[in-house]
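Report on the structure given below.
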Amino acid sequence: MELDFGPAVRDFRDEVRDWLADHLVGEFAEHRGVGGPTDGAAWEVRLAWDRELGAGGWLGVGWPREYGGRGLGLLEEIVFEYEYARVNAPYRATVNALDLLGPMLLKMGSEAQKKRFLPPILAVEELWGQGFSEPGAGSDLASVRTRAERDGDEWVVSGQKVWTSFGMHADWLYVLTRTDLQSARHKGLSLLLVPTDQPGVEIRPIRNLAGQDEFAEVFLSDARTGADMVVGEVGQGWRTAMATLGIERGTTLLPQQLTFEREAEALIDLARERAALDDPMLRRRIVDAWISVRIMRTTNLRTIAELTAGRTPGAQATTAKLYASTRHQQLGQLATELAGPAGQIVGEDYGLDTRQRSFLLSLAETIYGGSSEIQRNIIGEQVLGLPKEPRP
């Protein structure tokens, strides 16, 4: 995949390419493409790579200079993400803070919060985890029961969070809590920033199908944080949380999209090795898989074009996550079938090859970031204008 974003950013593109060519070497080059949103592989290498990026000024390209960013525009952000994905660089370990928390603070945080937290994020000095989902409030986020009560100059937080990506490494959590204990659903929620290095916070790893523990559950027992650690207004946490979840724009879809294209190309190579293209049914499924990644590319480019033109992305931005997650699972299933018995055999200590790891991790893609069921409700109600689903 090769894109030209025009002469206005050609010098910037060349700068990015030159820097990556000079620095993506040695151990970093040996770990090209490692990691993902739910893949904690080679964590220390990826963390070192993030620090290399931070030292070079490549984290927070679009963030204001006063907080450590470069102060560039959306088009430069897109160019960087594209060039980064094109060379298959390691998946950034600090993506949670860079792609979600940081933009949220820039949009809704106080000036003191921005000055306190944004520079350490870009310097890779503090790591963050998201405290949204709970055992009884995953896709139905409005049902959160974690509570926070004011005690003088502090909030006292108690409850449980689950599926916290890379939570074992987090120095801080941004936690959706219920600060009005008499409220229900979307009302009375607040988003708090909570330090993990205190007696009231216990983080336990959750081992996934791929044998990794990048997910965690978090137990908060009278954990404390400052009264000034509310992002946005007290009681308006739902609006803040939705702003956070809505930040995953076309810029952050590029690495995932290019990864899927590489997997589709590897699938075709595997099919040739196994002479599977002679089977008309398999050939049809392989062609369908390749078409699906091309549709993802077109959809993403449409979204990027609207963003750079200053327009609100259309319906394709809403459907993109649902389409990409379901089709990626189908791609992985087909690759596993084509591999035959080799696709079901693991190495020593449950060692998985790239194909196996990708397929197993893809099973979570229709859950995290909004389950497919929730995505279909959103599309039906907000895009197609269908009646809302009845509540019990």
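If you chain together hydrophobic residues whose side chains sit under 4.5 Å apart, Val175 and Val234 fall into the same group. Linking ILVMFWY side-chain heavy atoms closer than 4.5 Å, directly or via other members, places Leu20 and Val34 in two distinct hydrophobic clusters. Criterion: ILVMFWY side-chain heavy atoms under 4.5 Å apart, direct or through other members. Under it, Ile268 and Leu338 are part of a common hydrophobic cluster. Cluster annotation: Leu101 is connected to Tyr67 through the hydrophobic network of ILVMFWY side chains, with a link wherever side-chain heavy atoms come within less than 4.5 Å. Residues Leu220 and Val231 are members of separate hydrophobic clusters, defined by side-chain heavy-atom contacts under 4.5 angstrom among Ile, Leu, Val, Met, Phe, Trp and Tyr.
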### Query
Stepwise, does the side chain to side chain contact (heavy atoms under 4.5 Å, CB included) test hold for Met229 with Val194?
CA-CA 8 Å; Met229 290 293 105; Val194 180; over 6 Å; no
### Message
Evaluate Thr240 against Met104 for side chain to side chain contact (heavy atoms under 4.5 Å, CB included), listing each step before the verdict.
### Response
CA-CA 8 Å; Thr240 307; Met104 178 192 69; 3.7 Å; yes
### Task
Go through the steps for Leu267 and Trp290 under the test side chain to side chain contact (heavy atoms under 4.5 Å, CB included), then give the verdict.
CA-CA 9 Å; Leu267 173 70; Trp290 177 243; over 6 Å; no
### Query
What do the steps show when you test Arg46 against Tyr91 for side chain to side chain contact (heavy atoms under 4.5 Å, CB included), and what is the final call?
CA-CA 7 Å; Arg46 289 162 55 193; Tyr91 192 86; 3.6 Å; yes
### Task
Begin with the C-alpha distance, continue with both residues' side-chain angles, and end with the deciding distance and a verdict on salt bridge (Lys or Arg N to Asp or Glu O under 4.0 Å) for Glu134 and Lys161.
CA-CA 5 Å; Glu134 298 182 3; Lys161 297 295 180 177; 2.9 Å; yes
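With sequence neighbours excluded, the residues satisfying side chain to side chain contact (heavy atoms under 4.5 Å, CB included) with Arg327 are Asp288, Ser292, Met296, Tyr323, Gln330. Checked against side chain to side chain contact (heavy atoms under 4.5 Å, CB included), Glu365 has the following partners two or more places apart in sequence or in another chain: Phe260, Ser325, His328, Ser362, Tyr368. For His23, the ring pair (Phe, Tyr, Trp, His ring centres under 6.0 Å) test picks out Trp19, with sequence neighbours left out. Applying the salt bridge (Lys or Arg N to Asp or Glu O under 4.0 Å) test to Arg150 and every residue at least two apart in sequence or in another chain returns nothing. Partners of Trp128 by ring pair (Phe, Tyr, Trp, His ring centres under 6.0 Å), not counting sequence neighbours, listed by chain and number: Phe117, Trp172. In terms of the ring pair (Phe, Tyr, Trp, His ring centres under 6.0 Å) criterion, residue partners of Trp163 (sequence neighbours excluded) are, by chain and number, Phe215.
With rounding to the nearest 0.5 Å, the separation of CG in Leu193 from CG in Leu173 is 9.5 Å. Here the CZ atom belonging to Arg285 is positioned 13.5 Å from the CZ atom belonging to Arg283, to the nearest 0.5 angstrom. Here the straight-line distance linking atom CD of Glu125 with atom CG of Leu122 works out to 10.0 Å at 0.5 Å rounding. Of the inter-residue distances, the one linking Glu83 atom CD with Arg13 atom CZ reads 6.5 Å to the nearest 0.5 angstrom. Atoms CD and CG, from Gln329 and Leu361 in turn, are 11.5 Å apart once rounded to the nearest 0.5 Å. In this structure, the separation between CG on Leu322 and CD1 on Ile378 is 10.0 Å, given to the nearest 0.5 Å.
Side-chain contact of Gln356 with Thr336: a donor-acceptor pair under 3.5 Å is absent, judged by distance alone. Residues Glu263 and Ser358 bring a donor and an acceptor atom of their side chains to less than 3.5 Å of each other. Side-chain contact, Arg178 with Thr146: no donor N or O sits under 3.5 Å from an acceptor N or O. In this structure, a donor-acceptor pair under 3.5 Å is absent between the side chains of Thr366 and Ser372.
Distance alone, capped at 3.5 Å, is enough to place a donor-acceptor pair between the Arg32 side chain and the Val87 backbone. Without hydrogens or angle criteria, Arg51 side chain to Ala123 main chain gives no donor-acceptor distance under 3.5 Å. Side-chain atoms of Glu214 never come within 3.5 Å of backbone atoms of Pro205 as a donor-acceptor pair (strictly under, hydrogens ignored). Side-chain atoms of Asp50 do not come within 3.5 Å of backbone N or O of Arg92 as any donor-acceptor pair. Looking only at distances, a side-chain donor or acceptor of Gln113 sits under 3.5 Å from a matching main-chain atom of Asp228. Remark: side-chain polar atoms of Asp171 are paired, donor with acceptor, to backbone N or O of Leu127 under 3.5 angstrom.
Looking at heavy atoms from C-beta onward, Phe166 lies in side-chain contact with Trp43 at the 4.5 angstrom threshold. Between Gln198 and Val201 there is a side-chain heavy-atom pair separated by less than 4.5 Å. Two residues are said to be in side-chain contact when any heavy atoms from C-beta on lie closer than 4.5 Å; Leu72 and Phe12 meet this criterion. The side-chain heavy atoms of Leu176 and Leu189, taken from C-beta on, include a pair separated by under 4.5 Å. Two residues are said to be in side-chain contact when any heavy atoms from C-beta on lie closer than 4.5 Å; Ile379 and Leu386 fail this criterion. No side-chain heavy atom of Ile203 sits less than 4.5 Å from a side-chain heavy atom of Thr164. In this structure, the side chains of Asn96 and Tyr174 come closer than 4.5 Å at one or more pairs of heavy atoms. Side-chain contact between Glu126 and Ile121 is absent, with no heavy atoms from C-beta onward closer than 4.5 Å.
Heavy-atom minimum distance, Pro64 versus Leu106: CD-CD2, 3.7 Å. Shown here for Ala289 and Leu331, the closest heavy-atom pair between the two residues is CB-CD1, 3.9 Å. The shortest non-hydrogen separation linking Ser190 to Thr179 is OG-OG1, 2.7 Å. Taking every heavy atom of both residues into account, Leu98 and Gly60 meet most closely at CD2-N, 4.5 Å. Of all the heavy atoms in Leu270 and Ala335, the pair that sits closest is CD2-O, 3.8 Å. Here the closest non-hydrogen pair linking Pro90 and Leu24 is CD-CD1, 3.8 Å.
Within a 6.0 Å radius of CG in Asp269, other residues, nucleotides and ligands contribute more than 12 heavy atoms. In Arg145, the CZ atom is not crowded: 12 or fewer heavy atoms of neighbouring residues, nucleotides or ligands sit closer than 6.0 Å. Annotation for Asp153: atom CG does not count as buried by contact number, only 12 or fewer foreign heavy atoms lying within 6.0 Å. Atom CZ of Arg147 is surrounded by 12 or fewer heavy atoms from other residues, nucleotides or ligands within 6.0 Å. For Gln182, the CD atom is loosely surrounded, since the number of other residues' heavy atoms within 6.0 Å does not exceed 12.
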